[in-house]
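All residue numbers in this chain count up from 1 along the given sequence. Below, each value reflects all heavy atoms present in this structure, side chains not excepted, and no hydrogens, waters or symmetry copies.
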Amino acid sequence: MLWSLIKILLFVAAIAGLTYGAGYLMESEGGVMITVAGVEYTLGPLQAVIALVALVASCWVLFKLASLLVAVLRFLNGDDTAISRYFDRNREKKGYQALSDGLLALASGEGRVAMEKARKAERFLQKPELTNLLTAQAAEMSGDSHKATEVYKKLLADDSTRFVGVRGLMKQQLVEGNTDKALKLAETAFALKPRHVETQDTLLKLQAEDGDWKGARETLGAKLRYGSVPRDVHRRRDAVLALSEARDIVDEDASVEMREKAIEANKLSPDLIPAAVMAAKGYIEQGKGRAATKLLRKAWSVQPHPDLAAAFAAIEPEETPAKRVIRFRNLIKGDESHAEAMMLMAELQIAAKDFPAARRALGDLYESDPTTRSLTIMAAIERGEGADDAVVKGWLAKALTAPRGPQWVCDNCHHIHTEWTPVCGNCNAFDTLTWTAPPASDVMSATGVEMLPLIVGALEDKSDEADDEDLIDAEVVEAEQTPEDDTPEVQPGYVEK
């Protein structure tokens, strides 16, 4: 309404200006004298202006007639479309101008304006392969998903625009959460343009979410062939996919294939902890303890981890605690100062009932890096050395409120997982889990409080007069009976006796 009023006011102002100018010229003196073939023509100011406008218009008409004459001559010379191109030239100019305006409106976020320009461009150009995409994207921006879907389906009819149509429909299905349909469309788009990086990434992500590890490995191989992923990244992700495939085979109870896939994953990426653990278990089942030892030592040198220690303990399940301490020294050789190695050796010494050695192995870790696990180990040492119950309970109280230590954390969304998975359960990102200590965590550690039931059980047996305020929260710890020698028999979560 306001724009209509403005246009009316501008029209009235223009008419008034022209009227004023014409009156001024009529009242002005002087003029223009033109001599043609000895004849003089004198024009007043207004007449001179009118003659100038007529001259410009005549020149424009002559130019158009000359262009038409050239088109006719070309037609007579055998160019069958010369005349039609001449008449269509102005239409095309308007159409391309509308298309350009539509693209600018789309970039500016004006969806409805872009749709209007797209309709105008289609009317002038009659080239749907150019205007349909603009119409579809403008409809999406305007919230008209039905119109966008209709236009994307039209794009499927033309070979030159089929990929664009499939990609547009795929993105719509992703927005709506229809991952099954999106996966099929992504496969079609990948078949049409296997070099397209965005399509490769989308297909790989959807295949990983769907658990199609074999298909995902093929897609990852295509990314390597077409140069869209570095070779080292490819090896790492291929290892993750091989490991995931092995985990699925475990569920299907196909142990031979599981071992082969797990060993393949470990060879592709020796620092992938879950792959090392699964490959080691495969070697142990085959009776190849030496191969499992070599594999685990290599993985430990890259990243010490409780799961690696558990797999290392499983190589000799019947050995005594004292022999286990000696054997594990070979595992941690070169990494004795690592926090995981210090806690591991302290737990092994506790299992062997050598509490002074456990204290020496733990060092000052409970002060420099206090975690639930290190403080719980300290409580076990104090209890084993005969300290007062108040001292032991003090360590336990600190353990319950201390950080949980390293856990599997997603690098993308920082979500904490209790176990490693190839795809983050929170943001669905692929291969983003890292074993690290989060800034803050409310998640209980898988290995940090296994000893609490044993220790607290011993305390409760020793003190029959403890009231409710002195008891540890039953949701965190459970009471167990103390052995006959009144020494807590503490077993870490990943060390088997």
Side-chain angles (χ1 to χ4, degrees), residues 272-274 277 299-300 302-313 332 335 337-348 350-351 358-359 361-383 392-421 423-427 429 432-457 459 471-480 488 490-496:
L272 184 59
I273 293 171
V277 171
W300 181 276
V302 177
Q303 174 65 70
H305 192 277
D307 291 347
L308 297 175
F312 193 76
I332 68 170
D335 296 298
S337 60
H338 193 280
E340 182 62 39
M342 295 170 69
M343 289 187 289
L344 170 62
M345 294 308 297
E347 290 175 335
L348 290 172
I350 291 172
R359 184 184 291 273
L362 188 63
D364 64 346
L365 192 63
Y366 59 90
E367 293 180 348
S368 60
D369 186 18
T371 61
T372 295
R373 186 173 164 201
S374 63
L375 293 172
T376 303
I377 292 172
M378 196 62 198
I381 294 172
E382 293 285 4
R383 183 69 187 89
V392 179
K393 289 182 179 181
W395 288 109
L396 293 177
K398 291 180 180 180
L400 292 174
T401 57
R404 305 304 176 188
Q407 298 175 76
W408 289 112
V409 182
C410 176
D411 296 333
N412 188 45
C413 67
H414 307 293
H415 183 71
I416 300 171
H417 299 69
T418 57
E419 63 177 1
W420 180 89
T421 57
V423 179
C424 175
N426 185 56
C427 66
T432 56
L433 266 63
T434 304
W435 182 255
T436 185
S441 174
D442 295 328
V443 180
M444 297 297 292
S445 171
T447 59
V449 294
E450 278 90 351
M451 293 187 290
L452 289 179
L454 297 169
I455 299 171
V456 177
L459 293 176
L471 295 179
I472 304 298
D473 189 344
E475 293 181 357
V476 180
V477 293
E478 298 176 357
E480 290 188 8
V490 182
Q491 298 182 3
Y494 49 75
V495 179
E496 300 175 15

| field | Close side-chain approach of Leu433 and Cys410, heavy atoms under 4.5 Å | value | yes

| Pro304: partners by side-chain contact (heavy atoms from CB on, under 4.5 Å), with sequence neighbours left out | Trp300, His338, Glu340

| note | Nearest heavy-atom approach of Pro438 to Gln407 is CG-NE2, 3.9 Å

| note | With sequence neighbours left out, the residues meeting ring-ring contact (aromatic ring centres under 6.0 Å, His included) with His305 are Trp408, Trp435

| Looking at CD1 of Ile381 and CD of Glu347, how far apart are the two atoms once the value is rounded to the nearest 0.5 Å? | 9.5 Å

| query | Which heavy atom of Ser374 sits nearest a heavy atom of Asp369, and at what distance? | reply | OG-O, 3.4 Å

| remark: Closest non-hydrogen contact found for Pro370 with Leu375 is CB-CD1, 4.3 Å

| Nearest-0.5 Å distance, CH2 of residue Trp420 to CG of residue Leu272 | 5.5 Å

| field | Any donor-acceptor N/O pair, His417 side chain to Gly425 backbone, under 3.5 Å | value | yes

| query | Does Thr372 reach the main-chain N or O of Leu400 with its side chain, forming a donor-acceptor pair under 3.5 Å? | reply | no

| message | For Asp411, give me all partners under side-chain hydrogen bond (donor to acceptor under 3.5 Å, both in side chains), at least two apart in sequence or on another chain. | response | Thr434

| Pairing residues for Ala429 by the side-chain contact (heavy atoms from CB on, under 4.5 Å) criterion, not counting sequence neighbours | Asn412, Cys427, Thr432

| query | Taking only residues two or more places apart in sequence or in another chain, which ones pass side-chain hydrogen bond (donor to acceptor under 3.5 Å, both in side chains) with Thr421? | reply | none

| task | Apply side-chain contact (heavy atoms from CB on, under 4.5 Å) to Ser337 and list each qualifying residue two or more places apart in sequence or on a separate chain. | result | none

| task | Could you go through the side chain to side chain contact (heavy atoms under 4.5 Å, CB included) check for Arg404 and Ile416 one step at a time? | result | CA-CA 11 Å; Arg404 305 304 176 188; Ile416 300 171; over 6 Å; no

| query | CG of Leu344 to CG of Asp335: how many Å apart, nearest 0.5 Å? | reply | 11.5 Å

| Which value, rounded to the nearest 0.5 Å, describes the distance between Thr376 atom OG1 and Met378 atom CE? | 12.0 Å

| request: Drop me the distance from Ile350's CD1 to Arg383's CZ, to the nearest 0.5 angstrom. | output: 13.0 Å

| Which pair of non-hydrogen atoms, one from Met342 and one from Leu362, has the smallest distance, and what is that distance? | CE-O, 3.1 Å

| Close side-chain approach of Ile377 to Tyr366, heavy-atom, < 4.5 Å | no

